[in-house]
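Data first, discussion second: the structure below is written as structure tokens.
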Amino acid sequence: MKTTTKFSTLHEATNQFLYSSLSQSLSSASTTKQLHRIHSIIITLGLEKSSFFSGKLISKYAQFKDPKSSFSVFHQVSPTANVYQWNSIIRALTHNGLFTKALGFYGKMRKLDVLPDKCTFPSVINSCAALVDIEMGQVVHENVLKMGLGSDLYIGNALVDMYARFGCMDEALKMFDGMPERDVVSWNSLISGYSANRYWVEALKFYNMSRMEGIMPDSFTVSSVLPACGGLVNVKEGELLHCLVEKIGLHGDVVVSNGLLSMYFKFNRLVEARRIFYEMVVRDTVSWNTLICGYSQMELFKESIELFMLMVNRFKPDLLTITSVLRACGHLRDLEFGKFVHEYMKKGGFQSDVTADNILIDMYAKCGDLLASREVFNRMMCKDSVSWNSMINCYIQHLNYDEVLKLAMIMKVDMKVDSVTCVMLLSVSTQLADKELGKEVHCDIIKLGFDSDVIVNNSMVDMYAKCGLINDSLKVFENMKTHDRVTWNTIVAACVQSGDFTLGLRMINQMRTEGVMPDAATVLGILPMCSFFASKRQGKEIHGCIFRFGFETDVPTGNALIEMYSKCGSLKNSIQVFDRMKVRDVVTWTTMISAYGMYGEGGKALRAFEDMKATGVVPDHVTFVAIIYACSHSGLVEEGLACFDQMQKDYNLEPRIEHYACVVDLLSRSGLITKAEDFINSMPLKPDASIWGSLLSACRSSGNILVAERVAERILEQKSNDTGYYVLASNVYAILGKWDQVRMIRKSIRARGLKKDPGCSWIEIKRRLYVFGTGDKFFEQFEEVNKLLGIISGLMAKEGYVADLRYVLHDVEEDEKRDMLCGHSERLAIAFGLLNTEPGTPFQIMKNLRVCGDCHTVTKYISMIMQREILVRDANRFHLFKDGTCSCGDHW
DNA sequence: CTAGGGTTAG
């Protein structure tokens, strides 16, 4: 009896020794080989079905990413599995990403009436969170409460995390607040939830609260808060965190360092980002990806590609690396390298990925290879909305709008239309100025419920404005719940473009009262207003803002500045901006050419045109309008005709009606009326009012009344909506003394519901704008102005001036005609300028219509008699009057 | 039980 006891004790002792040493080697197994060896020992000893070893084995196989083996171990015990074994298999499946299966096992376990314990739930909750299975999540939460496990710390943490992943931060916070006990993981779960849902402010708030409560942050805390600092561009808090990382020694953690790297890129702080990367002891794929992507975000695309090459040699890139570098290829229009990366992808055995394919579509589109884009698109096994949108975007870039609409139709049927699709279709409507299409898209937007999306609304505001429906634009604007900076910029530009400067200014004020800071785009929107009023002072102020913002060398901004200065009478400043620009596009050159044109500098315009071609910028339709116009205003007939030829022969551009109008202008302005008429008769397009208008105004200034009358008839046949042409025709009849015809035209303007633009001129003196209408009598200093004009009249008569009464368009007596000429708005503005500026100093006035011939002559006299340089900007161009001559050389 | 990097549009 005693021996047996001894023996049994010994046996137990041996067993105990075996157990503990086996358990130890199982825990410390670090290779699959070791694990398999220990597994076979366990089998040999018949311990495989023991609760302890089966559970351990299941967990261990899960650690080695071998859920199949976990499953086979569990399978052998499953009929009689206890809660420990069930917990092990559920945890194993969860850790290997098999969430649906994990939940399935939880279901089976409950069916078999195995009672879960507090170790069961964290994994189950995890699986619900990962699958975003809200319904199941709530059921599990109820189970937890029923079992009285509601105050368990680990389960509570898992629940906070789950609700955060569902995007329900309110629920997550409620859960968090209800926890009787909290640790750093609870705080981390809450903070990372806010961070992942991009609630940056809350993430930072709760981080600071955790610090107040004396919680010591760990690597998880830091890597959740860093994105918030980046997202808010909160440099101060970011740097504090960086210090903290160094102080408590977290910089060895890859995730933390990667977070710092990403944050510094968001701050555009390349030097720090680089330092972090080079000082990292351990780097992983994410580190490289963050670096490569960061360089791309800072538009350092070449460097980003170089880094990719460096990485390939020492580290296997993943799909995210590939997509980052493909993006860089797209921006660089580097088709060759793009194809290389595509090949690398095919050979590297990357499994097909929707995002990667989407970027391929975009990359090929940016590189101009539409067919390659389409091939990728066609071969995609599953396409998401982004795929379709990217493909549509390709066709938009290639101006193939038919295909855009075709794809959009299919998307509509497949219910794939999202807000981005709508924005792109709105942009198509804008580009085609197609109101009907725009309205159709607007209807779809309402039907699909995208009408609360800010970007969509901004696009609608822009679309309606650019389609000429400013009232619809304002209606959309007013219905919007929130206005962001882009909204304001869009509506300001819309008002300015529609000519409602008062409303534009009011919008700017409202924007400022709502605390929205203007940016480069705001400024771009109001520059045309300065151009219109020729307010160089305000233009310069805005230029100052642009300079402070650092956008001066931005291409569209530079272009707008050149235009503004040229329209404000300072060709010199235009040239200065032009010279400072490092990159010049076709618009830059074209704007500069038309600037030269407006100042009658045809020779310089031609020089710029040659320089432009020499630098490889290809002229477009607008460039040719500008250059022919410039020739026309300088009397360079041969050169202008040569450009018209070149446009068709060298650049394969089909001349549009505006080009024909320019050529008619070019010929007739130089007195070649017959040639101009022949040209009109030979043109393939049907001449419209603009063509006849060019010819007519030239006839009038050259006194060719016979042709003029014939042309006036043709103009009236056009039934144009532009009152300018009616006025032009009526002028001809006025000169001929055919007052019945004049009255008839006035009547027909009224009958068509049109209004003649009243002539007005203005001048800016000491930051104030003074506006004068024709025949105005009620303005400051009216008496003085009238007296001065009388004195000047006397002096002019002595110099031999005779009033040109043909410019009076009313059937009145000659004396009265003389008075009417004196009441022309430009003359009032000039007299006012003479009175209110220092003697001998130059000044500038503006007129909304073309300057009248008699006033042109009078201004020449005034510049001589009063010894003043007077710059006059009319609707077309500049006239610089000096010593009795005008810079336009009477070409205007 | 908790963390990081990628795509289309105004």
Side-chain angles (χ1 to χ4, degrees), chain A residues 91 94 118-119 121-123 125-126 129 152-162 164-165 183-193 195-196 217-227 230 250 253-263 265 284-294 296-297 317-327 330 353-363 365 384-394 396 418-428 430 453-463 484-487 489-490 521:
Chain A
R91 197 184 314 130
T94 306
K118 65 177 191 178
C119 296
F121 286 106
S123 306
I125 295 170
N126 257 329
D152 182 86
L153 176 63
Y154 281 30
I155 294 177
N157 289 346
L159 283 168
V160 171
D161 178 63
M162 180 186 79
R165 276 174 213 266
D183 64 356
V184 66
V185 179
S186 328
W187 286 95
N188 288 346
S189 303
L190 188 72
I191 294 168
S192 82
S195 187
D218 62 6
S219 61
F220 288 86
T221 326
V222 173
S223 46
S224 301
V225 188
L226 285 175
L250 294 175
D253 188 300
V254 209
V255 182
V256 168
S257 291
N258 290 344
L260 283 170
L261 187 60
S262 170
M263 180 189 74
F265 271 120
D284 64 4
T285 318
V286 178
S287 324
W288 281 96
N289 289 350
T290 311
L291 189 72
I292 292 172
C293 183
S296 273
Q297 273 160 7
D318 66 1
L319 270 167
L320 268 76
T321 328
I322 301 278
T323 53
S324 288
V325 78
L326 280 175
R327 228 186 102 208
D353 179 81
V354 187
T355 305
D357 285 340
N358 291 346
I359 301 183
L360 274 172
I361 294 175
D362 189 59
M363 183 273 293
D384 61 6
S385 291
V386 180
S387 324
W388 286 88
N389 290 339
S390 301
M391 200 58 233
I392 284 186
N393 198 27
C394 295
I396 291 181
D418 67 0
S419 64
V420 178
T421 322
C422 295
V423 170
M424 290 194 301
L425 292 177
L426 286 170
S427 131
V428 169
T430 308
D453 182 305
V454 189
I455 299 181
V456 169
N457 277 298
N458 291 345
S459 307
M460 288 201 286
V461 171
D462 191 51
M463 182 275 292
D484 69 1
R485 205 196 332 240
V486 180
T487 320
N489 291 346
T490 311

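Being a predicted model, the structure only gives us computed values, none of them experimental. Heavy-atom basis, side chains included; hydrogens, waters and symmetry copies ignored.
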Checking all strands, does [X] fall into the base, sugar-phosphate, or nothing category for heavy-atom contacts under 4.0 angstrom?
X         : value
Thr355(A) : base
Asp453(A) : nothing
Asp418(A) : nothing
Asn489(A) : nothing

Check the distance between [N]'s [atom2] and [X]'s [atom1] and give it to me in whole angstrom.
X         : N      : atom1 : atom2 : result
Ile125(A) : dT2(B) : CD1   : P     : 10 Å
Asp284(A) : dG6(B) : CG    : P     : 14 Å
Met424(A) : dA9(B) : CE    : P     : 7 Å
Leu159(A) : dC1(B) : CG    : C1'   : 10 Å
Phe220(A) : dC1(B) : CZ    : P     : 11 Å
Ile155(A) : dT2(B) : CD1   : P     : 13 Å
Leu260(A) : dA3(B) : CG    : C1'   : 13 Å
Ile322(A) : dG6(B) : CD1   : P     : 15 Å

[X] vs [N]: side-chain N/O to OP1/OP2 distance below 4.0 Å:
X         : N      : result
Arg165(A) : dC1(B) : no
Asn389(A) : dT7(B) : no
Arg327(A) : dG6(B) : no
Asn126(A) : dT2(B) : yes

Just compare [options] and give me whichever is closest to any side-chain atom of [X].
X         : options                : value
Ala356(A) : dT8(B), dG6(B), dA3(B) : dG6(B)
Ser219(A) : dG6(B), dA9(B), dA3(B) : dA3(B)
Asn157(A) : dC1(B), dA9(B), dG6(B) : dC1(B)
Asp218(A) : dA9(B), dT2(B), dG6(B) : dT2(B)
Ser189(A) : dT7(B), dT2(B), dT8(B) : dT2(B)
Val386(A) : dT7(B), dG6(B), dA3(B) : dT7(B)
Ser390(A) : dT8(B), dG6(B), dA3(B) : dT8(B)
Ser419(A) : dG6(B), dA9(B), dT8(B) : dA9(B)

Between [X] and [Y], do the side chains contain an N or O donor and an N or O acceptor separated by less than 3.5 Å?
X         : Y         : answer
Asp318(A) : Thr321(A) : yes
Asn126(A) : Thr94(A)  : no
Asn358(A) : Ser390(A) : no
Asn157(A) : Ser189(A) : no

Are Val286(A) and Thr290(A) side-chain neighbours, meaning at least one heavy-atom pair lies under 4.5 Å?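 Side-chain contact under 4.5 Å: yes.
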Does Ser257(A) use its side chain to pair, donor to acceptor, with the backbone of Val254(A) at less than 3.5 Å?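 Such a contact is absent between Ser257(A) side chain and Val254(A) backbone.
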Pair of N/O donor and acceptor under 3.5 Å linking dG6(B) base with Asn358(A) side chain: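 Between dG6(B) and Asn358(A), which were checked side chain against base, a qualifying N/O pair under 3.5 Å is absent.
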Donor-acceptor pair under 3.5 Å, Ser223(A) side chain vs dA3(B) base: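 Result: at least one qualifying N/O pair found.
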